[in-house]
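Before any comments, here is the structure.
Quick note on labels: first sequence line is chain A, next is B, and so on, each numbered from 1. Computation of the quantities below employed the complete heavy-atom set of this structure, encompassing side-chain atoms and omitting hydrogens, waters and symmetry-equivalent molecules.
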Amino acid sequence: MEAKILSPSKKTSGRLLKRAFFRGPVEHVAPRLLGKILVRRTEEGELLGGRIVELEAYLGPHNKTADPAAHSHRGPTPRNQVLFGPPGHAYVYSIYGLYYCMNITCEKTGQAGSVLLRALEPLMGLEQMARNRGLVGPPPFSQKARKGWGRGGGANKSACRLTSGPGRLCQALGLTRAAHNGLDLLDPDSPLQVWDDGVRIPRVLVTRRIGIRHATELPLRFAIPAHPCVSGAKSLTG
DNA sequence: AGGCCGATCCTCT
DNA sequence: GAGGATCGGCCTA
């Protein structure tokens, strides 16, 4: 069951999203972010990025439904203060002392809803992303995977290993708390942006969230059905 | 001041 | 399917 490839065959481009896009209830914003493109411009001017194919919503403390899994659940702290700022910004935090994860702030300032990016379909800068992930060099990955890279048009399963998972995608793009936490994703001059290239997602898979201990029953994970780059459970009961 | 633990990933059985 | 790596933030004393 090979999934449909959503990548454009031409050179990837797109428009910056508007602030208002992120201002609504996070459970409404999250599924609409599927298909949008996360892009980092490196210091050397290279573009690294991919299409968002899986994400999770986390509810702010203002919400009627309590979400003890959210970092904002206990209110503002030095670590999570970006979550309580304006929408459309990057919240990057370290986890397990080894990896980073990235959220996009949503809703109005102070409400602290956010979206965790869980998987991208690699589109830009695949060679560099592989280096960032430490996947170049020893087989089995490099030899096989390199064939599918180079051009913009392929979400083969090997390439997905670059950005399939919240820690993996941050490592691939080279995202860190020190360099990227708090950046405005909608600023034309920002080194980290979200683009819309017009791709529409016809159907959205909704499941429980992955890897959390609290509020595990909430249906707040959203993914493109059967996309090869989606991580983890493929159904609500999985 | 100290302890606990996580929105993870990788390797090995 | 299980366990280890590894550390900053937050809670308790």
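For A/Tyr99, whose side chain is taken as the heavy atoms from C-beta onward, the closest listed nucleotide among C/dC10, B/dT8, B/dA7 is B/dT8. The side chain of A/Ser94 approaches C/dG8 more closely than any other nucleotide in the set B/dA7, C/dG8, B/dC10. Taking every side-chain heavy atom of A/Tyr93 into account, B/dA7 is the closest of B/dA7, C/dA5, C/dG9.
The separation between A/Leu117 atom CG and B/dA7 atom C1' is 12 Å, rounded to whole Å. At whole-Å resolution of the value, CD in A/Gln171 and C1' in C/dA5 are 14 Å apart. Atom NE2 of A/His71 and atom C1' of B/dT8 are 12 Å apart (whole Å). Rounded to whole Å, the distance from CG on A/Asn103 to P on B/dG6 is 17 Å. As a whole-Å value, the separation of A/Arg177 CZ from C/dT6 P is 21 Å. Here B/dC9 presents its P atom at 8 Å from CG of A/Leu169, a figure rounded to the nearest Å. Distance A/Ile95 CD1 to B/dC5 P: 15 Å, rounded to the nearest Å. Taking atom CZ on A/Arg213 and atom C1' on B/dC4, their separation rounds to 11 Å, with Å as the unit.
Atom NE2 of A/His28 sits about 10.0 Å away from atom CD of A/Glu107, to the nearest 0.5 Å. How far OG of A/Ser72 is from CZ of A/Arg79: 10.5 Å, rounded to the nearest 0.5 Å. The line from CG of A/Leu38 to CE of A/Met124 is 8.0 Å long, rounded to the nearest 0.5 Å.
Between A/Pro78 and A/Leu98, the residue whose closest nucleotide on DNA chain C is further toward the 5' end is A/Leu98. Of the residues near DNA chain B, A/Ser72 and A/Arg133, the one whose nearest nucleotide (by heavy atom distance) lies more toward the 5' end is A/Ser72.
For the pair A/Arg19 and A/Asp184, the salt-bridge criterion is met [side-chain N within less than 4.0 Å of a carboxylate O].
Heavy atoms of A/Gly97 sit under 4.0 angstrom from at least one base atom.
Pairing of C/dT6, defined by two Watson-Crick or G-U wobble distances under 3.5 Å, is not identified with any nucleotide. In this structure, B/dA7 forms no base pair with any nucleotide, since neither Watson-Crick nor G-U wobble geometry is met with both distances under 3.5 Å.
The SG atoms of A/Cys101 and A/Cys170 do not sit under 2.5 Å apart.
Taking a centre distance below 5.5 Å and an interplanar angle below 30 degrees as the stacking criterion, A/Tyr96 does not stack against the six-membered base ring of C/dA5.
Between A/Arg168 and B/dC10 there is a side-chain polar atom (N or O) within less than 4.0 angstrom of OP1 or OP2. Listed pair A/Thr77 / C/dC10 meets the phosphate criterion, a side-chain N or O lying under 4.0 Å from OP1 or OP2.
Under the side-chain contact (heavy atoms from CB on, under 4.5 Å) rule, A/Tyr100 has a single partner from A/Ile95, A/Thr176, A/Asn181, A/Leu169, which is A/Thr176.
Here the separation of C/dG1 from B/dA7, taken at their P atoms, is 22 Å to the nearest Å. Going from the P atom of C/dT6 to that of B/dG2 covers 22 Å, rounded to whole Å.
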